[in-house]
Amino acid sequence: MATNYSSVNPTNNATPYGSGDPYYNESTGYITPQQSAGKKTSSWLKYGIPVAILAAVGLIVGVVLGTRSSHNSSSSAASSSAAATSAIGVKNELGIFPTGTDSLYMLPLYPSTTNTAVFTTPTFASTTNPNYAWPQDPFRPSTPNPTQVRSDRPRLIAPAYKWAVLPQLIASDPYMSAWNQTIFGNASAYNALPPVAYFYDGGNGILDLAREIKQRVKAFAYVYRMTNDTKWVDRTWTELQNCAGNLTGGWGPDNSTKWNPAHFLDTAELSAAYAIAYDWLYDQWTSDQKTAIRWTLIEYGLSNGVIAYSNNDPLAYGWWQTNTEGNWNCVCNNGLTMGSLAILGDDTSGIPEQLLGLTIPDALANCAMATTSDGTWTETANYWYFGTTGHAEMAASLLTATGSSYNLLDVNPDFNLTGLYHMYSVGPGSIFSYGDHGPNKYSTTANSMFLYGDHYNQPVYQLFQRDQADSPDPWTMFWYDPTVTGAFWDGLALDHFFTNSTDQWASMRSSWTDESALYVAVKAGTLQGHQTHNDLDCGDFVMDALGSRWFGELGSGDYNSPGYFSSDAQDSQRWLYYRKRTEGQNTILVGAGNQNVLAAPTIQYDSSGTAQGSSTVFDVPSGSTAYFVGDLTSAYFNVTSFSRGIHLLNARKQVLIQDEINAQASVMWRAHTNATVSIGNNGQTATLTIDTKTLQVDLLNAPSGAQFTTMDAVRLSTDPTPPAPDQPNPGVTVLTISLPAGQYTLEVLLTPQWPGVSSTSYVTPSSVPLNQWSLTSHP
């Protein structure tokens, strides 16, 4: 569901920028949408709550902007401040950069322009002009303490001094104006709905409900504070009463487990919702209402946090505390922290003080360590959303309430790189969605990028995220720095290699701003240490071109399936399910069996270092290329050696996938697609078609007996039977090459049929062994 709140003139059947919802439900699973831009919605995409942001782009002649040396310093020279104000004025006259969205994942569409004066170097302009910049927080304790909070309300994320200047910033900044309008529209949409009904779904408990309630409370409280219309306070109270079980029909069990602490994410998200309601609407609650909110929060939320942290935790609520470097630790600690901070000083139980002494050190040891040394989130690209939202909310709440994040943002010296991880995981068709995707996102967004951009002095993070469809959110209104100027893509490298041994993946593309650009991502990395959300997928890849994803991911299996999260050991029942098995990935299958969970691949890679300029129209230079080679021998049984390489060719118009394998069991090359597949040329060519677009796949220098065939995306007849049936994969075809045991080199050339490019312009590369690949080894 999407609602438009202003007019826009999109082109090419584009969806108005931001209309739609990125909080799709991936728990049902599907291959990443393989749809041409601007076409009908995929039946696999399941949307959640409405999100809309509308804008038209009016291009003007701009000026080249400078970069200040420090985000946190202000210019002492009046001329410098005036220049900064002028630069911000130019940015605001330009308006919202995207003209719309026409990706099924609501990724932005940028105007085609070669006016390099319009989109310029990312920077935070140094100005104290109150029309364009946040004032300094007056609350600056010299020795911050988690249990000593600011005296004014709100104390969580959005202090009063920011609310005081917010209207004038909204009036001056086109993005903030659009986001504000969207939040109002969403609040109205939620207001028309009944309170969130109770439903327990098993594996995810009531998490969807908890996150939907949290999102509603944020919107209602925000609109009240912007309007002083008490109907929003009343509507918030109705929602709180409902999930406390105080309306007709009740809501969940009538005891302390009402918020499902056995699946503690649910408890944490409802605790955060109550914290926001209590704090942001503090002056409007009666004494009795405050007492009721505190009682409910403690009874169903915080008291269960105490149990979770108790010695030996008799109810197993707190398994997520120790060595859980991922979303669970971040979300759970955040909910308990926000809940505790909200009622601190009003409550006499001592529970908030007790919990703050536990959540902060635990999050420092676990949540903050969920990124590896290259910034990759240790779970998956989708779980990055859940984890960083919890991390950012906790850090921001501690900062605003007590004056310090207690090193939550900095204890991991590499956390500042996680914004790059997110940016490079996003292609023009979708993200590199390997592994599990999780439940509905609802109140989970990528808006942590605003907080990280501010804290780590990375304007590129803010500029990237503000164009995304999930940017309109109450948090964004306070984490966004309206002094940010420029274009995220100006000077940004097309390729990035993530080299931590746990990760080992590459992101390579032909443009940051062309919806039809080539994008290839490929991974190696270990198969353990991902919070049991990964697949057995060394060598897995995805590919976008011509506005479609040609080879993609199947996504999550059914989280309620027996043994799905049992472990990441070799004999885990998780690896019996097709979507988690090696055969469910875009890689080589050996002996029809799974990869070795003890895999320890090594990689080689290089790039021409091509970076996009300020223009949204980017012509790839001749010789621009990148490649990635993974030695995946350790990932397989019955293999003497195996390496996979991916090389961009012909100024990033074509892709070569080359596998060199010596196997003592059968070999099968596999890649999943939504395209219609036609096999020709005696099995040496596969033609893939999506709508009117075509990808030609050629098998070069084929070994004897090698040819393309197709299969349905279902388990092999020789597979062991899983504890529950696999999820169906309708519309998905597996392109395969099958060979007996032996030593082979498989060269597969992917050639999108680019409009306006003649057939004679495509290349057929020479055969070059992987150990001789270089930037100049191929045309």
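Here the structure is a predicted model, which is why all the values come from computation and not from measurement.
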(message) Quick check on the 6.0 Å ring-centre criterion: do W550 and H672 meet it?
(response) no
(message) Taking side chain to side chain donor-acceptor pair (under 3.5 Å) as the criterion, tell me which of T499, N500, T502 meets it with S373.
(response) N500
(request) List the atom of A706, the atom of L746, and the distance in Å for their closest heavy-atom pair. (result) CB-CD2, 4.5 Å
(message) Taking the six-membered ring of F541 as reference, does the cationic atom of K523 (NZ for Lys, CZ for Arg) lie under 6.0 Å from its centre and within 45° of its axis?
(response) no
(request) Answer yes if the ring centres of Y461 and F464 are under 6.0 angstrom apart, and no otherwise. (result) no
(request) Run the ring-centre check on F628 versus Y605 and record whether the distance is less than 6.0 Å. (result) no
(message) For the backbone of G419 and the side chain of Q465, can you confirm whether one donor and one acceptor N or O come within less than 3.5 Å of each other?
(response) no
(request) Side-chain contact test, heavy atoms from C-beta onward, threshold under 4.5 Å: evaluate it for S511 versus W489 and give yes or no. (result) no
(request) Run the numbers on Y564 and Y559 for ring pair (Phe, Tyr, Trp, His ring centres under 6.0 Å), then give the verdict. (result) CA-CA 6 Å; Y564 190 84; Y559 278 21; 5.5 Å; yes
(message) Is any side-chain heavy atom of F637 closer than 4.5 Å to one of Q570?
(response) yes
(message) Quick check: do Q696 and Y762 have side-chain heavy atoms less than 4.5 Å from each other?
(response) no
(message) Exactly one of V734, V732, L695, L688 should register a side-chain contact (heavy atoms from CB on, under 4.5 Å) with T673. Which one does?
(response) L688
(request) Verify ring pair (Phe, Tyr, Trp, His ring centres under 6.0 Å) between Y452 and H391, making sure each step is shown before the conclusion. (result) CA-CA 10 Å; Y452 299 156; H391 175 264; 5.7 Å; yes
(message) Please report whether the ring centroid of W773 lies less than 6.0 Å from that of H778.
(response) yes
(message) Taking the six-membered ring for Trp, are H437 and Y385 closer than 6.0 Å centroid to centroid?
(response) no
(request) For this output row, return yes or no: ring centroids of H533 and F565 closer than 6.0 angstrom. (result) yes
(request) Determine the sole option in T532, D535, N534 for which the side chain to side chain donor-acceptor pair (under 3.5 Å) test with K580 is passed. (result) D535
